[in-house]
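The block underneath contains the structure these notes are about, expressed in structure tokens.
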Amino acid sequence: MILAQLPRFHLSIFAKSPLSLSSSHFHFLNHPSKPSGSLARTLFSLTPKSNLATVEPIPLPVSDSSELDEAPVEIPLDKLFVPPETDISGDNPSSITARILKGSNIVLSKYARDTQVAQADYVKSSVRTEDCPADGLPEFALVGRSNVGKSSLLNSLVRRKRLALTSKKPGKTQCINHFRINDNWYLVDLPGYGYASAPHELKQDWNKFTKDYFLNRSTLVSVFLLVDASIPPKQIDLDYASWLGQNQVPMTMVFTKCDKRKKKKNGGKRPEENIKEFQDLIQGFFETTPPWIMTSSVTNQGRDEILLHMAQLRNYWLKH
Ligand code: GDP
């Protein structure tokens, strides 16, 4: 019950965190609590829903983005993702804010280290879970609707312009594509779903084998579900998120294209509004709030933060 003793308050997702990518980030993470379980899936079931009383939001500094034209979105304390073995109950609001990854609801844990991507290699494309690499290294699967920006994000994470092109080659778009990072973990590119011109039967097939992968890949630490934040929530993304939630597949939501900030004249919403709406629509499918993070492959927003989050999930997974 990590959050049970804390007053409820709100945190800005644009709060400018003092964090940078040096090891000095973690000096304040000195309250590890009792280990809470060994399965990767427990990573996402450790922050119970809070029934805390509401108090006024705490004013926080906003980001330096010159395009921010409205008040920042605020996160209630019980909507934070607090990793296992992480205790924020003794922290005051400003030190909790300092521990939240910028543009996300993710609290950093003592496991957030070794974030650099020094090497990235395409390994193989598989059509069945059984054919995936068998070396036992932890992996993260990127999945999302076609055109969501998955290849761009993958390239941005590994800082290689064309790595993800491999997954776009004929014959590979419907495969589970493994990329080995630093020789000790994998990024996995899964087929995009909802491609308008794909025949219905083919779509069903993708569903079948990606679902099998989600349910049976023992080294899968977390799915990273990509959702386009520049448009209102789409039913197919909501269905995907709810399926993952109902099947207790660990999931992080990655909101893409967050650089598209301008409010469209025809009533289009800002990324923050679309993100909030998406969260509201899926919350019933999750026992606790899943981690989410805002990104842009144009500005590289969220890149370092995703790598820190992956590092903390991975290092925890390796230890348990
Ligand atoms: P995929 O089909 O999911 O692999 O998507 P791509 O990475 O190929 O991107 C689809 C389109 O969205 C391309 O035109 C990209 O240039 C564009 N795109 C991808 N990421 C971003 C982003 O973060 N911001 C903006 N503005 N456009 C993006």
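From a predicted model like this one, the values you see are computed outputs, not experimental measurements. Counting convention: from 1, in listed order, for ligands and their atoms alike. These values consider heavy atoms only, across backbone and side chains, with no hydrogens, waters or symmetry-generated copies.
- Protein heavy atom in closest approach to atom 3 (O) of ligand 1: Lys150 N, 2.8 Å.
- Here's the thing with Val148: one of its N/O atoms is less than 3.5 angstrom from an N/O atom of ligand 1.
- Salt-bridge check for Glu305 with Lys102: failed, with every basic side-chain N at 4.0 Å or more from each acidic carboxylate O.
- Taking a 4.0 Å cut-off on heavy atoms, Gly144 fails to register as neighbouring ligand 1.
- Listed for the Asp121 side chain is no donor-acceptor partner under 3.5 Å among the backbone atoms of Val123.
- Near Lys260, with a cut-off below 4.0 Å to any heavy atom, the atoms of ligand 1 are 26 (N).
- What sits closest to atom 2 (O) of ligand 1 on the protein, heavy atoms only, is Asn147 N, 2.9 Å.
- Note that atom 13 (C) of ligand 1 has no protein non-hydrogen atoms nearby, at separations under 4.0 angstrom.
- Close contacts of ligand 1 with Asp259, meaning ligand atoms under 4.0 Å from a residue heavy atom, involve 22 (C), 23 (O), 24 (N), 25 (C), 26 (N).
- For Tyr240 and Tyr193, the distance between ring centers is under 6.0 angstrom.
- For Gln119 (side chain) and Ile181 (main-chain N/O), no donor-acceptor pair under 3.5 Å exists by modelled atom type.
- At a distance under 4.0 Å, a protein heavy atom can be found next to atom 5 (O) of ligand 1.
- Nearest to atom 23 (O) of ligand 1 among the protein's heavy atoms is Ser297 N, 2.8 Å.
- Separation of atoms NZ (Lys260) and OG (Ser230) is listed at 4.0 Å; rounding is to 0.5 Å.
- Against a heavy-atom cut-off of under 4.0 Å, Ser152 is close to the following atoms of ligand 1: 6 (P), 7 (O), 9 (O), 19 (C), 20 (N).
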When you look at Val188 and Tyr213, which way does the side chain to side chain contact (heavy atoms under 4.5 Å, CB included) test go after all the steps?
-> CA-CA 11 Å; Val188 182; Tyr213 168 86; 3.7 Å; yes
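- Aromatic rings from Tyr122 and His178 are positioned such that their centres are separated by 6.0 Å or more.
- For ligand 1, one of its N or O atoms has an N or O atom of Ser151 under 3.5 Å away.
- A distance below 6.0 Å separates the ring centres of Phe140 and Trp185.
- When hydrogens are left out, the protein atom nearest atom 21 (C) of ligand 1 is Lys257 CG, 3.7 Å; that is the closest non-hydrogen contact.
- Taking a cutoff of 4.0 Å between a charged side-chain nitrogen and a carboxylate oxygen, Glu277 and Lys269 qualify as a salt bridge.
- Numbered from 1 in the order shown, with element, the atoms of ligand 1 that lie under 4.0 Å from a heavy atom of Val298 read 22 (C), 23 (O), 24 (N), 25 (C), 26 (N).
- Counting protein heavy atoms only, atom 8 (O) of ligand 1 is closest to Lys168 NZ, 2.8 Å.
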